[in-house]
Each structure stands twice: as structure tokens, then as C-alpha cells.
Amino acid sequence: MSITETRALRTALPPEEPSIPQRGTGRAGYWLYLLPGFALLVVIVIVPLVWNLALTFTDWRGVGSPEFIGLENWAAILVDEDFWTSFVNSVWMVLAMVVVPTVAGLFVAAALFDVIGRKFGGKLASFLRATYYLPQILPVAVAGIVIGWIVRPGGDGALNQILGLVGIPPVDWLGQMPSALIVLMVVLVWVQIGYPVVVFMAALQRVDPELYEAAELDGANWGQRFVAITMSIIRPEIFVVTLTCTIAALKVFGPVYVITRGGPAGSTLVPAYYAYQEFFTKRDVGYGATIATVLTILVVIVSIVFVRVQNSLERKERAGL
């Protein structure tokens, strides 16, 4: 060994200690930072969930002591036509809040990023993105008032006034089917579409522009670039948007409460609003808790299915299948 190497070994610094304590050294201190979040989880989520589940086995009007009735609420829900109607209507909510906004938002985000952003600059694309997202931050009550003014029956509604200019008689938009359901679905699409646009545009930021340029040089048109490059790269975000929008569609409440109140004749009734009616209008807390519990179970099942499908596709992709 040379003299230089010997001196280097003698003057070598001791190994640097890890900045994060290792297993068995000072771990108790980190649990203190988890306690506030865990306490909130217990108070806000776990305790109400357990209490709600316990109420499903009782007959309670909100005052006095709950009366234990076993599985009567669960048996009644199986033959409740309004309950099943509310879940059938949830299919329309999924169409309005998941399918249409996700598909339309994907194309809009790709157009803003790949077409408008490249030809007119990023500022215009950002402005249009904010415009699409604006209904997301608009209070539901304000949106309901505006929509109610537009579709007001008789000659006072803005939409009926416009139709009157071309000789079409006034329409009671919220008082009959299928116009009430169509109005509600249009409002839900209008409110929801901004969320996928923002998420997809953020995801497109990590797409290498050289991929688009190479595909364009090879003669690929916009649609071919969209399918081959865009959709394959932002597939995780598509799963996230689809899952979160599906959960929002299953538990939608605000727009139904503000615009249609479940009418006419239950044609726009959804599980969350039906549970609200049982809780606060009919004061049948036990039955309302049963509806809410079924809805919770459905949301959990949908979430598990989405996560499993996404993990399966990711494993196949890593395996090169």
C-alpha cells in the first residue's frame, strides 16, 4: 500500500449517520405526529360509521332510545321499490358524472394541450382550463338558483322565453319526464367536466413532446397520436378520475336536493337523497341508516374492483403482456 493511500485511510471521516432514525431508535416520537390524524379519523369516520351500522338494527325517530328490531330494516329494503328506483337512477348519474365528463374531458384536455397550447400558447390553454373548472368551485346553491331561473316553468323561464321566440310553447322542464332527468344530467355534466380536464392536462405535462413530434413525422394524425401516446401514458390518471367520479356519482346529493328534490314522482331520486328523506323528513332514522350503509358498501366494492383492475393492468404492463 502506498504512503498516499495510508494517509487517506488515516484521515478518512467516520461514516455519516443516517438523518432518519433507524428501526428501534426514537420511533416513539413519530407516533406523536400521527395521533391528531388518527384521533380525527376515529371521531369523524370510525365512530359515526359504527353508530350508523348499529342504527340499521333499530327503530328510532331521533328522540328517545332506539328500539332493537333485528333485521327488519334490511328485509324491508329488499322489497322497497323507491330504494331500487334510486339505484336505477344512479346509473344515469354515473353516465352524467363519469362517462360523459371523463370521455369529453380527455378529448378537451388533449385538444387544449396538443392543439391550442402549441398553436396559440399556453396562456390561452390555461385560461380555457380555468373556464372549464369554474363550475367545480361554484356553490351548489348558486348553481341551483341559476338553473332554476333558466328552466322555470311558464313564460318566466329564460329557456321558455327563448323557445317562445320560435313559436314553441312553454315546457315544464322539472315537472315531467324525461325533461327533469335530462336537465339534471346536463347540470351534472356541466359541473363535473372541469375536474377531468384539470387532472388530464396536469398528466399531459409529463408526456415527452418528442413523442408527438416523432409520431407526426411518421405521418400519424392527431387521433392516432391521441390513442397511441396520450391514452397509454396517462392511463393511471384515467383510472383515478373514473374512480373518484364514480364515487361522487353514487353519493350525489346537492344538485338533486337543490334542483329536483327527487321528483317528479321519484324519477330523479338517488340513494343519498332517499336516505336524507328517511332521516329528516320521515324521521325513520333506522331505515335511513340502512340505506346509507348499503350505499357505503357499494362504494367500497366499486373502489376495490377499480383498484384490482388497475393493479392487474399494471402487472401485465410490467410483464410485457
Side-chain angles (χ1 to χ4, degrees), residues 56 59 61-62 72-101 140-164 168-192 245-299 302:
T56 63
D59 180 16
R61 300 297 172 182
E72 290 185 17
N73 287 326
W74 291 94
I77 209 172
L78 296 177
V79 295
D80 186 355
E81 294 183 359
D82 290 337
F83 171 77
W84 294 109
T85 299
S86 69
F87 271 92
V88 171
N89 291 335
S90 293
V91 177
W92 297 107
M93 302 301 107
V94 170
L95 177 63
M97 297 185 67
V98 183
V99 179
V100 176
V140 176
V142 175
I145 293 173
V146 174
I147 299 301
W149 171 73
I150 293 175
V151 299
R152 185 180 302 169
D156 297 335
L159 183 56
N160 282 334
Q161 290 183 8
I162 295 175
L163 295 178
I168 300 177
V171 178
D172 187 4
W173 296 100
L174 299 180
Q176 60 184 356
M177 281 292 289
S179 59
L181 182 60
I182 293 175
V183 169
L184 180 60
M185 291 177 66
V186 169
V187 173
L188 292 176
V189 171
W190 171 65
V191 171
Q192 193 71 12
C245 289
T246 301
I247 295 174
L250 292 175
K251 62 184 186 67
V252 62
F253 172 80
V256 176
Y257 175 80
V258 173
I259 299 174
T260 65
R261 298 295 179 97
S267 57
T268 59
L269 185 66
V270 292
Y273 185 74
Y274 188 34
Y276 165 83
Q277 285 183 322
E278 295 295 327
F279 269 115
F280 299 104
T281 303
K282 300 180 181 179
R283 299 297 177 90
D284 193 350
V285 178
Y287 194 65
T290 307
I291 299 172
T293 302
V294 173
L295 180 59
T296 302
I297 294 173
L298 179 61
V299 169
V302 170

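The figures that follow rest on heavy atoms only: side chains count, while hydrogens, waters and symmetry mates do not. Please read all numbers here as calculations on a predicted model, not as lab measurements.
Under the 4.5 Å side-chain criterion, counting only non-hydrogen atoms from C-beta, L250 is not in contact with P271. Side-chain atoms of V294 and W74, non-hydrogen and from C-beta on, do get closer than 4.5 Å to each other. Within the 4.5 Å cutoff, the side chain of M97 has no heavy atoms near those of the V191 side chain. Contact annotation: the side chain of D59 approaches that of D284 to within less than 4.5 Å [non-hydrogen atoms, C-beta and beyond].
For L95 against P101, the heavy-atom pair with the smallest separation is O-CD, 4.1 Å. Residue A289 comes nearest to F279 through the heavy atom pair N-CZ, 3.4 Å, listed as atom of the first residue, atom of the second, then distance. Taking all atoms of both residues into account, the shortest heavy-atom contact from V183 to W173 is CG2-CB, 4.2 Å. The two residues P264 and A180 have their closest heavy-atom pair at CD-CB, 3.4 Å.
Between Y276 and Y273, the ring centre distance stays below 6.0 Å.
To the nearest 0.5 Å, atom OH of residue Y274 and atom CG of residue L269 are 7.5 Å apart. Taking OG of S267 as the reference point, atom CG of L184 lies at 9.5 Å (rounded to 0.5 Å). I162 CD1 to I150 CD1: the interatomic distance, rounded to the nearest 0.5 Å, is 8.5 Å. The structure places CD of Q277 at 8.0 Å from CG of D82, a figure rounded to the nearest 0.5 Å. Distance CZ/F87 to CG/L298: 5.5 Å, rounded to 0.5 Å. Distance check: T268 OG1 to I259 CD1 gives 9.5 Å after rounding to the nearest 0.5 Å.
Checking side-chain atoms of T290 against main-chain N and O of G286 turns up a donor-acceptor pair under 3.5 Å. A distance-only check finds a donor-acceptor pair linking the side chain of W84 to the backbone of L78 [under 3.5 Å]. Judged purely by atom type and a 3.5 angstrom limit, N89 uses its side chain to pair as donor or acceptor with the backbone of G266. Of the possible donor and acceptor atoms, one in the side chain of N160 sits under 3.5 Å from a partner among the backbone N and O of R152.
Heavy-atom contacts from other residues, nucleotides or ligands closer than 6.0 Å to CZ of R61 number more than 12.
Because its NZ or CZ atom is both nearer than 6.0 Å to the ring centre of Y257 and within 45° of the ring axis, R261 counts as a cation-pi partner of that residue.
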For this session: Kindly indicate, with the supporting measurements, whether the criterion side-chain contact (heavy atoms from CB on, under 4.5 Å) is fulfilled by V100 and Q192.
Result: CA-CA 9 Å; V100 176; Q192 193 71 12; over 6 Å; no

Exercise. For V270 and F253, what are the C-alpha separation, side-chain angles and deciding distance, and is it a side-chain contact (heavy atoms from CB on, under 4.5 Å)?
Worked result: CA-CA 8 Å; V270 292; F253 172 80; over 6 Å; no

